[in-house]
Amino acid sequence: MSYNISYSTADKAHVLAYLGSKGDLTADQLRRLEIMRGRARDYQDGLDRHGLDWGLSIPDALEHLIAGHTDSDAACAGNAYTTALQFVIDCNASDGSHLGTYSKPSTFFGLVDDEMRRLGVPADLLPHGFLYGGPPDEFPSIPWSVDGYPAIGHLPLAKTKAAADAYRAVLDRMDPDFHYDVQELIAKLDAEHEEWERATRDLDWYTQDTLFFRLV
């Protein structure tokens, strides 16, 4: 089985505005909420067609997030909450981009972390740490998904250049088996930093501050 990693950028405050809002939202936010609800129903329909029961439906998980609680004791509540939260992120984020497809991404990036750590890359910039780090600390706590997927990670856009520079500095000393994937990650972090820097400078309405990762 393979897993896909994608990413998008958003203002985390825009996502947080829905969590615990109890529906006290602006007209535009309510419009987006209806889109999220539609996507949640469509996803649940797909689970139902495949006979998959997570014990908590995606629409109900979304309503829990909006109501401000994530206390379901369903066996796969983490799967439902993570999926629902991703819909909230998606409706407030840029279009998604593809990072890569891996058979064992956690194992692979765990080994990349070990190699980078050995070479002196700071702990807060290690890729496994932000890919699998969950949503930002300000977000409500949600259970881990059964078997680890789906998963959400994040990296502040202000750290993308520091991460790319740190990886570039050690790339030649890393195991060659990691070179291609790390080069791809460097290129994508460079591009996100350049876009963030440009938009922050030139667009007075631009407030995006977080790179969100989706692993499914």
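Nothing fancy with the numbering, it's 1 onward along the sequence.
His98 and Thr101 are linked by a side-chain donor-acceptor pair at a separation below 3.5 angstrom, with hydrogens and angles left out of the test. There is no side-chain donor-acceptor pair under 3.5 Å between Ser57 and Gln44. For the residue pair Asp181/Tyr102, the side-chain donor-acceptor check at 3.5 Å is satisfied. Of the N and O atoms on the side chains of Ser8 and Ser94, not one donor lies less than 3.5 Å from an acceptor on the other residue. A donor-acceptor contact closer than 3.5 angstrom links the side chains of Ser106 and His128.
Looking only at side-chain heavy atoms (C-beta outward), Leu185 and Tyr167 come within less than 4.5 Å of each other. Taking 4.5 Å as the limit, every side-chain heavy atom of Leu215 sits out of range of all side-chain heavy atoms of Ile152. Contact check for Ile66 versus Lys22: no side-chain heavy atoms found under the 4.5 Å cut-off. Proximity of Asp124 to Phe130: side-chain heavy atoms (C-beta onward) are nowhere separated by under 4.5 Å.
In this structure a side-chain-to-backbone donor-acceptor pair under 3.5 Å is present from Ser145 to Pro150. A donor-acceptor pair is defined here as one N or O able to donate and one able to accept, closer than 3.5 Å; no such pair exists between the side chain of His64 and the backbone of Asp71. No donor-acceptor pair closer than 3.5 Å links the side chain of His69 to the backbone N or O of Leu65. Although no hydrogens or angles enter the test, the distance criterion places a donor-acceptor pair under 3.5 Å between the side chain of Glu115 and the main chain of Asp175. Between the Thr82 side chain and the Asn79 main chain, no donor and acceptor come within less than 3.5 Å of each other. Side-chain N or O atoms of Glu63 include none that pairs as donor or acceptor with a backbone N or O of Asp60 at under 3.5 Å. In this structure a side-chain-to-backbone donor-acceptor pair under 3.5 Å is present from His154 to Gly134.
Shortest non-hydrogen contact noted between Val121 and Leu125 is CG1-CB, 4.2 Å. In plain terms, the two heavy atoms of Asn92 and Ala10 that are nearest each other are O-CB, 3.5 Å.
In this structure, Phe213 has its ring center no closer than 6.0 Å to that of Tyr132. Between Phe212 and Tyr7, the distance separating the two ring centers is not shorter than 6.0 angstrom.
By the 4.0 Å N-to-carboxylate-O rule, Asp209 lies too far from Lys12 to be salt-bridged with it. Arg198 has a carboxylate O that lies under 4.0 Å from a charged side-chain N of Glu195, or vice versa, which qualifies the two as a salt bridge. Using a 4.0 Å cut-off between charged side-chain N and carboxylate O, Arg214 and Asp90 make a salt bridge. Salt bridge Asp28/Arg32: present, at least one basic N to carboxylate O contact under 4.0 Å. The residues Asp114 and Arg117 are annotated as salt-bridged, a charged nitrogen and a carboxylate oxygen being separated by less than 4.0 angstrom. Salt-bridge annotation for Lys161 and Glu197: absent, with no side-chain N of the basic residue lying under 4.0 Å from a carboxylate O of the acidic one. No salt bridge links Arg41 with Asp45; every basic N to acidic carboxylate O contact stays at or beyond 4.0 Å.
No more than 12 heavy atoms of other residues, nucleotides or ligands lie within 6.0 Å of CG in Asp95, so this atom counts as exposed by the packing criterion. The environment of CG in Asp24 is sparse: at most 12 heavy-atom neighbours from other residues, nucleotides or ligands sit within 6.0 Å.
Rounding to the nearest 0.5 Å gives a distance of 6.0 Å between CG of Leu33 and CG of Leu62.
Between Trp54 and Tyr43, the angle of the ring planes lies from 30° to 60°, which puts this pair in the tilted group.
Linking ILVMFWY residues whenever their side-chain heavy atoms come closer than 4.5 Å, directly or via other members, leaves Trp144 and Tyr149 in distinct clusters.
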